[in-house]
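Owing to the predicted nature of the structure, the values given are computational and were not obtained by experimental measurement. Letters A, B, ... are given to chains in the order of the sequence lines, protein chains preceding strands, and every chain is numbered from 1.
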Amino acid sequence: MPVQSLKNTDVIVPQHAPHPLLPFLQSQSQTTLTRLYQRPSSCLSIFRLLGPIERQLIMNLLWLESALSAATMSAWVLPEGKNAYDSALTVMTGLHIAPNSAVKLALNPTFKSGLRQAITGGGNTGSFGVPTDKDAKRQSANIENLDAYALERWETILHYMVSSGQGQNPTKPSQGVLYLLQRSGLMNNVHGAALQITSSGFQFLLHSPHDQLWNLLLQYLHMAEERQMDLVEVLSFLFMLSTMDLGREYSTEPLSETQKAMLEDLRDYGLVWQRKTSSKRFSPTRLATTLTSSSPPLPSSHSTGGSRMADGTGAVALSSGAAQQGFIVLETNYRIYAYTDNPLQTAVLNLFITMKYRFPNLVVGMLTRESVRKALGNGISADQIISYLTTHAHPQMRKNNPLLPVTVQDQIRLWELERNRLKSAEGYLYKDFASQADYEYVLAYAKQLDVVLWENMAKRCFFGTLDGHANVRGFIERRTGSV
Amino acid sequence: MRAIKGVLLTCDSAVKQILLTMNEKDPFVIEDLDDYHLVIKADEEYRVRRELEAELEKNTYSLETN
């Protein structure tokens, strides 16, 4: 395996992976976004989703009354950081936070007032949720119950996905969830009866819970338009949830019709808890309150190797979180010892490991050629297996450098390459040209169209793609008068 | 000049030789291009892939430890 050499740069501009919701927001119209920015909680949540540079720029411009000239702002930028600065500006323009202008920089006024309100706590739009008084008759849910509820709902969904193809009969999540899974391409109806997991479903299982949650929510947003739900209402409700306090109850009174309908769906995903469907109060769970933050969305005693870093300060949280949550030990003899009793994690490991023994707190298995090939056949890639093992590595493994034994990593990649020994492409073989000049002329034309897959000057033939055939044939017919 | 419809296979030399051997029993190759490429009949691709995999499996051994 070639050794990766570190790039030698003087200024290292930190790489920040953009949040998956941002492209969706950027595809919305300006009116939609402006309506969204009228609510301070939405402004704050979107602010949290952005990268460090964008956030700094917004904070710089937030309290200015008039526009700032672009030249003044760019004077603050180091030459090495110019690319990062430009891309940050593009992101902001895409979200209509800052109108695109080369001369002046100013924030969208709605966004500006919304964010100011969010920070200074002014206004009474109720966009951060209206908390209710303690209900004297019934006990409200405490944090442990909420966590248990969220975990149970979430794991039901994942467990259903994992064991769908393997003959076990786990509890089914609700109809709405099944529909969502089908629409997002994570499962599909193979034989008309039960749902089977697809290869993108397998990849989904190996992601962190934060990514999984946002993946499903994005699907939900895409479907919102078809179900005639106002997108702005849906988004603002999600953002309101993400700013709520864990363990407090909130009233359903100020919610719109769309948002009340959403409550039922969100209950199924484990984002909110309601005593019963007609209840006038609801409580957000940890899954909801950590939507836009970098803390782990599920309680730390369980699986999950830390959530996606939404900002740089997540680095500390990630390492300490993962240290509590890593549970896999991988040895150089391909044996895996997983210190877990969680059936979902065992099921996920079963996807690419041959299980050997199972104890109350330990699962022992081996990475064999068959098990890895089975996983590769299901659409999981070698990189995903390796990154899953790395993310959930037991703290003991951190003594090793690199974390996973190189032999095992290489072997998993080799098993993947074994499957790709033969590549194929459909198309047409053109041969028996009348003369060399003829051949070169047609070949040049085909190359212009970029349809040549293989050529041989000595044999005077070449292979072109299926799509290009019509064009090449037309060209030849025009040239020679008739074929 | 002629245009023949087919599937272009790109592989390493060893796999190509295996394919040529398979071809003698059940012909599917239209043309042998060079050391790394073959053109085969379009509808035979699936069958060829399956037989190739079976052939390669014969050469792999795994040590089952207990």
Which atom pairs, donor and acceptor, lie under 3.5 Å between side-chain atoms of residues 444-453 of chain A and protein residues at least two apart or in another chain?
from     : atom 1 : to       : atom 2 : distance (Å)
A/Lys447 : NZ     : A/Glu455 : OE1    : 3.3
A/Lys447 : NZ     : A/Glu455 : OE2    : 3.2

Taking only heavy atoms into account, what residues of residues 20-30 of chain B are found under 4.5 Å from chain A? none
Proximal to chain A - members of residues 9-16 of chain B, heavy-atom separation under 4.5 Å: B/Leu9, B/Thr10, B/Cys11, B/Asp12, B/Ala14, B/Val15
Is the number of heavy atoms from other residues, nucleotides or ligands under 6.0 Å of A/Arg358 CZ greater than 12? no
Max heavy-atom pair count under 4.5 Å with chain A, selected residue of B/Thr60, B/Ile40, B/Leu19: B/Thr60
Indicate the atoms forming the closest heavy-atom contact of A/Phe463 with B/Val7, along with that distance. CZ-C, 4.1 Å
How about residues 418-439 of chain A versus chain B: which residues have heavy atoms under 4.5 Å apart? A/Arg421, A/Leu422, A/Lys423, A/Ser424, A/Ala425, A/Glu426, A/Gly427, A/Tyr428, A/Leu429, A/Tyr430, A/Lys431, A/Asp432, A/Phe433
Mark yes when over 12 heavy atoms from residues, nucleotides or ligands other than A/Tyr441 sit less than 6.0 Å from its OH; otherwise mark no. no
Out of B/Arg2, B/Arg49, B/Glu53, return the one with the most heavy atom pairs under 4.5 angstrom to chain A. B/Arg2
